[in-house]
Amino acid sequence: MTKIIITAIAIFIFASPDIVYACSTCFGDPNAKATQGMNLAIITLLTITGGVLSSFVSFIYVLNKRAKEYAKTLSKRKKNI
C-alpha cells in the first residue's frame, strides 16, 4: 500500500512540474525588493518559531528540575517520620 502511495506522489510531482518550482527567494533575482522582503520574512518566522520552541523546552526543563527537587524533599520527609 505504501509503495502505491509513494508511486502516486512521484507521478503527481513529475506530471505537474509547475508545483515544484522554487519560490522567488530561491529562484528569483537576489537583489529584487520582493526577494529581500521574503528573506527577511523567513528569518523573522524562523526567529519567532525558534524563540517559542526554546521557551517551551526551557519550561519543560524547569518543571523537570522542580519535580526532582520536590521528590527529594518528599523522600527526606518520609525518612524523618
Side-chain angles (χ1 to χ4, degrees):
M1 182 68 181
T2 57
K3 288 182 181 181
I4 295 171
I5 294 172
I6 292 172
T7 306
I9 291 172
I11 290 172
F12 179 73
I13 289 174
F14 289 121
S16 57
D18 293 337
I19 296 173
V20 296
Y21 282 145
C23 63
S24 64
T25 302
C26 304
F27 192 67
D29 180 23
N31 295 325
K33 293 287 183 183
T35 305
Q36 291 173 355
M38 201 174 306
N39 285 336
L40 289 175
I42 291 170
I43 291 170
T44 302
L45 288 173
L46 287 173
T47 303
I48 290 171
T49 304
V52 170
L53 288 176
S54 63
S55 298
F56 186 70
V57 168
S58 69
F59 178 68
I60 297 296
Y61 176 75
V62 167
L63 286 181
N64 188 21
K65 188 176 173 183
R66 287 182 184 176
K68 286 180 182 179
E69 290 175 5
Y70 185 68
K72 285 180 186 178
T73 58
L74 286 180
S75 66
K76 287 180 183 178
R77 286 182 189 173
K78 287 183 180 180
K79 288 180 183 178
N80 290 337
I81 295 179

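Since we're looking at a predicted model, the values are computed, not measured.
Contact annotation: the side chain of K68 approaches that of N64 to within less than 4.5 Å [non-hydrogen atoms, C-beta and beyond]. Residues T47 and I43 form a side-chain contact, since some pair of their non-hydrogen atoms from C-beta on lies under 4.5 Å apart.
Taking NZ of K3 as the reference point, atom OG1 of T7 lies at 9.0 Å (rounded to 0.5 Å). Atom OG1 of T44 sits about 10.5 Å away from atom CG of N39, to the nearest 0.5 Å.
Of all heavy-atom pairs between S58 and S55, the closest is OG-O, 2.9 Å.
Judged by distance alone, with hydrogens and angles left aside, the side-chain atoms of T73 form a donor-acceptor pair with the main-chain N or O of Y70 at under 3.5 Å.
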